[in-house]
2 protein chains.
Amino acid sequence: MKYQEAKEKFISTWGSLGSLWGINKAMAQIQALLFISTKPLSMEDVMEELKISRGNTSMNLRQLMDWGIVTKVLVSGERKEFFTTEKDVQELARVIAKERSRREIKPVIKVLNEISSIKDDGSEKTKELIKQTKALHNLTKDADAMINKLMDQKQNWLTKSVFKLMK
Amino acid sequence: MKYQEAKEKFISTWGSLGSLWGINKAMAQIQALLFISTKPLSMEDVMEELKISRGNTSMNLRQLMDWGIVTKVLVSGERKEFFTTEKDVQELARVIAKERSRREIKPVIKVLNEISSIKDDGSEKTKELIKQTKALHNLTKDADAMINKLMDQKQNWLTKSVFKLMK
DNA sequence: ATAAACTTTCAATAATTATTGAAAGTTTAA
DNA sequence: TTAAACTTTCAATAATTATTGAAAGTTTAT
């Protein structure tokens, strides 16, 4: 496999993966492109490489910046804007995990909590609803707390203590 | 909030959540309905409750069975089939995690591995591609291993040892 | 102040994904 | 073996989501 082929494969794989953890294809592909680029890219560069329109590029770059994983960089002597992505995978994972928690998990925890707190009228179906949403509420809450804690560990938590403890 | 409202809220919340961890709305809603139901439901029951067509119900029940979180149960004296879902949240989480790992994470790990193994031609861009896909490969691999290990712990790993160790 | 260089917005359109419903298929009872 | 009860399949259609491109907006250089 040559460079160009490998690069395309990486971008398309990362792109389709993206769609299943909640971000769209173009957004994931742009991030992938920046991730393996040796220098910041302009909007022009991105459009060219990925064959997507200016509007699409603009919108998705903004989203990536909202997520906090892409930043504008100023290239001296250049008028246009250049973009780069977080290059450290650990930090990347941390940012993504935190953002997903805030956007998706936290709201669900809130709703589950509301539902599990309805008044018990004594009927079997109400008891079941309360019991099951309570269980789901606790699981979600605990899993969210855990993942955040894991991701906040600075250096490689994986190969260090945590992982070993679970052997 | 009364029972009916709470129930509808639960089903719709779970339904929209579903779409962002890779299963479709109808599938997630059927699972949610079964999850809070006190007894197995027939296809008729599901169609009626969720106002979806027979075909849709049939297809999504099959998918849920493929995932291993819904099972057919025979109700004596009844001709038609009844369905029920895994009621233990921990076991549910385990099955979902395992299945996602198998369907989504493992294939990505494989591709990242392939890409990170291309021949280094000495150019800067090739070096960067190799370096970054290698980093991503390791992270994904480790995270996948960890989540599987966590999920395989039988009883409540969360409130017990693992969680405490990360304080 | 003007215009060129560049970016953003958003209505229109395209692409993708989910849903329907009816025909075909299967199972069971008699 | 027939037919009623039930389930599955799948082409057509609807709903949703992503993308385009051109007009409007902004910034910078002169």
Side-chain angles (χ1 to χ4, degrees), chain A residues 11-34 40-67 70-85 103-104, chain B residues 11-34 40-67 70-85 103-104:
Chain A
I11 290 171
S12 87
T13 303
W14 207 238
S16 49
L17 182 72
S19 69
L20 59 79
W21 49 272
I23 73 173
N24 77 35
K25 201 180 65 168
M27 191 171 154
Q29 290 190 338
I30 293 172
Q31 200 278 325
L33 176 63
L34 293 173
L41 301 181
S42 68
M43 221 165 78
E44 217 67 48
D45 295 334
V46 174
M47 287 168 60
E48 159 91 4
E49 286 272 6
L50 303 179
K51 306 274 183 287
I52 58 179
S53 71
R54 187 175 296 284
N56 203 1
T57 307
S58 171
M59 282 167 132
N60 284 110
L61 276 171
R62 164 194 280 277
Q63 277 222 74
L64 285 165
M65 288 188 283
D66 287 348
W67 274 71
V70 162
T71 45
K72 276 185 189 168
V73 295
L74 293 170
V75 173
S76 59
E78 287 278 10
R79 172 102 170 244
K80 57 180 161 231
E81 299 172 322
F82 286 77
F83 301 89
T84 196
T85 192
R103 292 173 199 236
E104 299 156 14
Chain B
I11 290 171
S12 89
T13 302
W14 208 239
S16 49
L17 182 70
S19 69
L20 57 80
W21 47 274
I23 72 172
N24 77 34
K25 203 180 62 164
M27 192 171 153
Q29 291 190 337
I30 293 172
Q31 199 277 325
L33 176 63
L34 293 173
L41 302 181
S42 69
M43 223 165 76
E44 215 68 48
D45 296 333
V46 174
M47 290 167 60
E48 159 91 6
E49 286 271 7
L50 303 178
K51 305 272 184 290
I52 57 178
S53 73
R54 186 174 299 280
N56 202 2
T57 307
S58 170
M59 283 168 131
N60 284 110
L61 276 171
R62 163 193 280 277
Q63 277 223 74
L64 284 164
M65 287 188 285
D66 288 349
W67 273 70
V70 161
T71 44
K72 276 186 190 168
V73 295
L74 293 169
V75 172
S76 59
E78 288 276 10
R79 174 100 169 247
K80 57 180 161 235
E81 298 172 322
F82 286 77
F83 302 89
T84 195
T85 192
R103 293 174 196 233
E104 299 157 13

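Computed from a predicted structure; not experimentally measured. Letters go in sequence order (proteins before strands), and every chain restarts at 1. All values below come from the heavy atoms of this structure, side chains included, with hydrogens, waters and symmetry mates left out.
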What's the spacing between Thr71(A) OG1 and Met65(A) CE if we round to 0.5 Å? 9.0 Å
For dA22(D), which nucleotide in any strand shown is its Watson-Crick or wobble partner with both distances under 3.5 Å? dT9(C)
Whichever of Lys25(A) and Met59(A) has its nearest DNA chain C nucleotide further upstream toward 5': Met59(A)
Give one of base, sugar-phosphate or nothing for Glu44(B), where a contact means two heavy atoms less than 4.0 Å apart. nothing
Below 3.5 Å, does any donor atom in the side chain of Arg79(B) face an acceptor in the base of dT27(C), or the other way round? yes
Near-strand residues of residues 26-34 of chain A, defined as heavy-atom separation under 4.0 angstrom from DNA chain D: Ala26(A)
Can you confirm if the NZ or CZ of Arg103(A) lies within 45° of the ring axis of Trp67(A) and under 6.0 Å from the centre of its six-membered ring? yes
Rounded distance (Å) that lies between atom P of dT19(C) and atom CD1 of Ile23(B): 12 Å
Just the rounded figure in Å: distance from P of dA14(C) to CG of Asn56(A). 16 Å
With distance as the sole criterion, is a donor-acceptor pair present between the side chains of Asp45(A) and Ser42(A) under 3.5 Å? yes
CE of Met43(A) versus P of dT26(D): gap in Å, rounded? 16 Å
Tell me the interatomic distance from Lys80(A), atom NZ, to dA29(D), atom P, rounded to whole angstroms. 14 Å
In Å and rounded to the nearest 0.5 Å, what is the OG to CG distance from Ser12(B) to Leu50(B)? 11.0 Å
For atom CZ of Arg54(A) and atom C1' of dG21(D), their distance in whole Å: 10 Å
Could you verify whether a donor N or O on one side chain and an acceptor N or O on the other, from Trp14(A) and Gln29(A), lie under 3.5 Å apart? no
Between dA18(D) (C1') and Leu50(A) (CG): distance, integer Å: 15 Å
Does a side-chain N or O from Ser58(A) land closer than 4.0 Å to OP1 or OP2 of dT7(C), or not? no
For Asn24(B), report the nucleic acid contact type (base, sugar-phosphate, nothing); a contact means any heavy atom under 4.0 Å. sugar-phosphate
Rounding to 0.5 Å, atoms CD1 (Ile23(B)) and CD (Gln31(B)) come to a distance of 7.0 Å
Could you give the distance from OG1 (Thr57(B)) to CD1 (Ile52(B)), rounded to the nearest 0.5 Å? 3.5 Å
Just call it for Arg62(A): base, sugar-phosphate, or nothing, with non-hydrogen atoms closer than 4.0 Å on any strand. sugar-phosphate
Return the value, rounded to whole Å, for the distance between atom CG of Leu61(A) and atom C1' of dA18(D). 16 Å
Whole-Å distance separating the CD atom of Glu81(B) from the P atom of dT26(C): 14 Å
